[in-house]
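Note that the numbering runs from 1 along the sequence shown for the chain. We use all heavy atoms of the structure for the numbers below, so side chains are in, but hydrogens, waters and symmetry mates are not.
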Amino acid sequence: METITHPTLVQLVAAGAVRVVVAVGQPGGWSLLVRYGLAERALAAQRSKQLRIFRKLDTLQAYLGTPQNSEKNVR
């Protein structure tokens with residue numbers, strides 16, 4: 001799967017291009033899937049450029065800055 005970096009995600013959000021963000025269960029934690037336009041990309045780790053894995057769903061939620069009671073899409 002193709003990935004995007006954090007700075008790219010920030011630009012997409014600022015432009016209002018992100019349609020959906022989905023937390024996807026992975027071995028060892030959770031990854032973040034971003035849908036924008038016709039594309040679907042996973043968030044990459046900053047240094048390794050590999051799939052970013054959040055060990056806890058709470059950590060992923062904090063990264064997104066979403067309130068505890070907000071709507072979530074989790075797979």
Side-chain angles (χ1 to χ4, degrees):
M1 172 170 282
E2 293 186 44
T3 60
I4 61 170
T5 61
H6 173 77
T8 303
L9 178 58
V10 169
Q11 289 175 344
L12 289 169
V13 169
V18 175
R19 292 185 297 127
V20 178
V21 177
V22 181
V24 181
Q26 300 287 337
W30 300 87
S31 66
L32 190 64
L33 192 62
V34 181
R35 294 182 186 151
Y36 59 97
L38 298 176
E40 181 175 85
R41 305 281 188 269
L43 182 66
Q46 188 172 6
R47 293 185 195 105
S48 70
K49 305 299 184 214
Q50 299 296 320
L51 186 65
R52 168 87 189 260
I53 300 294
F54 296 87
R55 288 187 181 214
K56 298 179 182 178
L57 190 56
D58 289 342
T59 307
L60 189 149
Q61 184 174 347
Y63 172 80
L64 293 173
T66 56
Q68 290 286 340
N69 59 353
S70 66
E71 182 179 342
K72 298 166 190 68
N73 191 346
V74 180
R75 289 189 196 170

Quiz item: Would you say the side chain of Tyr36 lies within less than 4.5 Å of the side chain of Val20, judging by non-hydrogen atoms?
Solution: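 No. Closest side-chain heavy atoms not under 4.5 Å.
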Quiz item: Would you call Leu32 and Leu64 a side-chain contact if the rule is heavy atoms closer than 4.5 Å?
Solution: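 Heavy-atom side-chain distance check passes, below 4.5 Å.
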Quiz item: According to the side-chain hydrogen bond (donor to acceptor under 3.5 Å, both in side chains) rule, which pairs have a member within residues 5-26, sequence neighbours left out?
Solution: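 Qualifying pairs: Thr5-Thr8, His6-Tyr63, Gln26-Ser31.
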Quiz item: Where is the tightest heavy-atom contact between Leu33 and Ala42, given as atom of each residue plus distance?
Solution: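 Closest approach of Leu33 to Ala42: CD1-N, 4.2 Å.
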Practice problem: Of all the heavy-atom pairs spanning Arg41 and Met1, show the shortest one and how long it is. | Solution: C-SD, 4.5 Å
List, one per line, each side-chain donor-acceptor pair under 3.5 Å for residues 44-56, sequence neighbours excluded.
unit_1: Ser48; atom_1: OG; unit_2: Gln50; atom_2: N; d: 3.2
unit_1: Lys49; atom_1: NZ; unit_2: Gln46; atom_2: O; d: 2.9

Quiz item: Could you state the interatomic distance from CG (Leu43) to OG1 (Thr3), rounded to the nearest 0.5 Å?
Solution: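 Reported value, rounded in 0.5 Å steps: 8.0 Å.
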Quiz item: Can you name the residues that form a side-chain contact (heavy atoms from CB on, under 4.5 Å) with Val18, not counting sequence neighbours?
Solution: Leu9, Leu12, Val13, Val21, Val34
